[in-house]
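Reading through the structure tokens given below for one structure.
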Protein chains: 2
Amino acid sequence: MATIKDVAALAGVAPASVTRVLSGHPNVSPRLRERVLEAVRESGYKPDLLAAGLRRGSSRTIGVIVSDIINPLLAEVVDALEVKLRAHDYSVLLANSHGDPARDVEAVSLLRQHRTDGLIVMVVDETRAELKEALRTSPVPVVLLDRTVEGCDDASVVTSDHRRGTRELTRHLLDAGHERIGYLTGPLGTTYAGRERMAGFLAALHERGLELPERYIQSSRATPEFGQRATAALLDDPEPPTAIVAGPNPMLVGMLRELQERGVMVGTGIAVACLDDPPIAFLHNPAITALSRDIGEMADTAASLLVATLSGEMRQPRTVVLPMHLRRRASTAAPVPAAPVAPSATSR
Amino acid sequence: MATIKDVAALAGVAPASVTRVLSGHPNVSPRLRERVLEAVRESGYKPDLLAAGLRRGSSRTIGVIVSDIINPLLAEVVDALEVKLRAHDYSVLLANSHGDPARDVEAVSLLRQHRTDGLIVMVVDETRAELKEALRTSPVPVVLLDRTVEGCDDASVVTSDHRRGTRELTRHLLDAGHERIGYLTGPLGTTYAGRERMAGFLAALHERGLELPERYIQSSRATPEFGQRATAALLDDPEPPTAIVAGPNPMLVGMLRELQERGVMVGTGIAVACLDDPPIAFLHNPAITALSRDIGEMADTAASLLVATLSGEMRQPRTVVLPMHLRRRASTAAPVPAAPVAPSATSR
DNA sequence: TTGAAAGCGCTAACAA
DNA sequence: TTGTTAGCGCTTTCAA
């Protein structure tokens, strides 16, 4: 690997001149620029980003923390972030919490050690004291995606209008005559998005003077496995819900699996909806009512806020709330099932 | 941010001693170890990985190149890789080619600049001359996942038995009476997995003395959009296929979308299969015949090979071929549609 | 067992 | 406009 010294020697100039040419310094004679570029070409020199980063105090790297990359929503976000950040010459250092709040905290500290220039954060649990502390004291700018962190006042926030969206979706179910609605959610209260969704759900119920038994709200880790178990619990209820709303995508997968195994028909046997809009939702037969949003816009907004902060263009943190759209589909179109779904013995 | 000097001063020792304590050097007095650890705790010191990396020549970072993180298969691989590598104290630097072969090449060079200690590679196009050159001359070990690169003889390879799997799946279709089979694939010949799949497909046909018209093989970028177009082209054929095999997951999504829009019923109107097994495949109604494999095993194998190479335990590159399993499902269970599917005017 | 010193490759400040 | 010098924070000789 050629170093800057090799290039300098080859061009017969000082190392600093090589830096100047490559970083686009204004005062460089065309002659010198010429010779340096030629030497760079000849030697195939590429700067060592570790060394440059150490010296400069910035690594041209952005840390991205996601709760679970398998969630297609988050995969799409990471994809869009990567493209956008790369366009600004930043690489993405990915940290995946894998559903474990302890890993959230580790991730922040690890990314700091890697001297990432900024953080984009979609943690599992934003309420952890250590996490709040770690983010609050972050020496680099932070953008929260669908999260808010108490005391972390310098962070910008990009989120979607989960509350309004979920309220609208719930109203839609109520209008279709459902009064017993099951609700699958990740751990309660651990994310802003989760709380807003829940608030929207409850608001719609309260508008109609409805109160659900607590057991209709199933909270667990947001994985297909737990989603499946939670669905089983709902279906086994002596008075099972006539509709189920799955919040996180992975729980939708588990729910569909359980319905499939029991032979309960989506749409006719039970109404079903999701609070995000992954491909499974619209490809399912019948298609599943869902809340959709522009994920590219979400990621671009987050990346732009971070880059603007890093470049010094933006001094104050901002909060951006993006719209969500209710997609009414066949899974909620049928009239309410006449009789309660019978608990099935074929479970699992 | 406390540096090693701060810790050394606080403990009244030399910086080198701090390093020794923290890296578990054998000859350290308990007294000194004690004092250093106390100072570390008190100052909240965390080593700067850029500086350590520069000095040591290794960044504790592994570069992972994926063609498209939105593909649930690749998302799952990245997830599993991250968990496994983190357990060995490596972080993942993610590079996403986004379906663009030019970005493959950039990714290799960028990751090299970041001084990643190793590379795990699932590029878009393994046949690009620049890419082959870049990988061949990689100063760090490379593991190819579902790829092979000519001249890159030091790289280990982890792949699945695509040829056998695809042949078996195709036989299954033939056994069900299908003789006109459409085949959706990404760009032809650009990956080992793609070539093996195609070889398996053709082998099964040849066994039966069948030859398909070229237009039944639809090759394009592996995205839902192109998958949808390719499906439309197949359905608009004067003699449309009675079965369609989608290779890449994103093309399956596009295919299902087109079928849905045209109201062609999967299973009865047309048989359908996929060469991987994403959640959509088994959740679709009717469920879709697919080839499944243990993705965790795949990722763990790749990570282990890389780590073993890095630690010096493994001197020679290895090739590991993992099995694939045919999941026969309802999408291919119905008898061959009696009449050819009529080209529809409702296309798009 | 511990410390002092050198240097990884780069860039920024200062001089010329 | 260009070169010289110093040093980012760490680890690794080498010496004590």
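All values reported here derive from a predicted model rather than from experimental measurement. Chain letters run A, B, ... following the sequence lines, proteins first, then strands; residues in each count from 1.
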Sugar-phosphate, base or nothing in reach of V13(B), heavy atoms under 4.0 Å: sugar-phosphate
Pairing of D104(A) and R128(A) as salt bridge, 4.0 angstrom limit: no
Sugar-phosphate, base or nothing in reach of T19(B), heavy atoms under 4.0 Å: base
Test: R60(A) cationic atom under 6.0 Å from Y90(A) six-membered ring centre, within 45° of axis: yes
Whole angstrom value for the distance that separates P of dG9(D) from CZ of R112(A): 15 Å
Nearest-Å distance for atom pair NE2/P, residues H25(B) and dC14(D): 14 Å
Under-4.0 Å side-chain N/O to phosphate OP1/OP2 contact, S17(A) with dG3(D): yes
Listed partners of E133(B) passing side chain to side chain donor-acceptor pair (under 3.5 Å), at least two apart: R136(B)
Contact list for DNA chain D against residues 45-60 of chain A - heavy-atom distance below 4.0 Å: L54(A), R55(A)
Whole angstrom value for the distance that separates C1' of dA16(D) from CG of N27(B): 15 Å
Within 6.0 Å of CD in E34(A), more than 12 heavy atoms from elsewhere: no
Rounded distance in Å - CD (E34(B)) to P (dT1(C)): 16 Å
Rounded distance in Å - CG (D6(A)) to P (dG9(C)): 9 Å
Polar side-chain atom of S67(B) near backbone of V124(B) as donor-acceptor pair, under 3.5 Å: no
For atom CZ of R35(B) and atom C1' of dT1(C), their distance in whole Å: 12 Å
Separation of dC8(C) P from M1(A) CE (nearest whole Å): 15 Å
Carboxylate-amine/guanidinium proximity below 4.0 Å for R35(B) and E42(B): no
Nearest-neighbour nucleotide for the V28(A) side chain, dA4(C), dT2(D), dC8(C) considered: dT2(D)
Short side-chain to backbone donor-acceptor contact, S97(A) and D100(A), under 3.5 Å: no
Enumerate the protein-to-nucleotides 14-16 of chain C contacts in which both atoms are nitrogen or oxygen and the separation is below 3.5 Å.
none

Polar side-chain atom of R103(B) near backbone of N96(B) as donor-acceptor pair, under 3.5 Å: yes
Protein-nucleotide distance (I4(B), atom CD1; dC8(C), atom P), rounded to Å: 19 Å
Basic-acidic side-chain contact under 4.0 Å: R41(B), E38(B): yes
N or O in side chain of S23(A) less than 4.0 angstrom from dT11(C) OP1/OP2: no
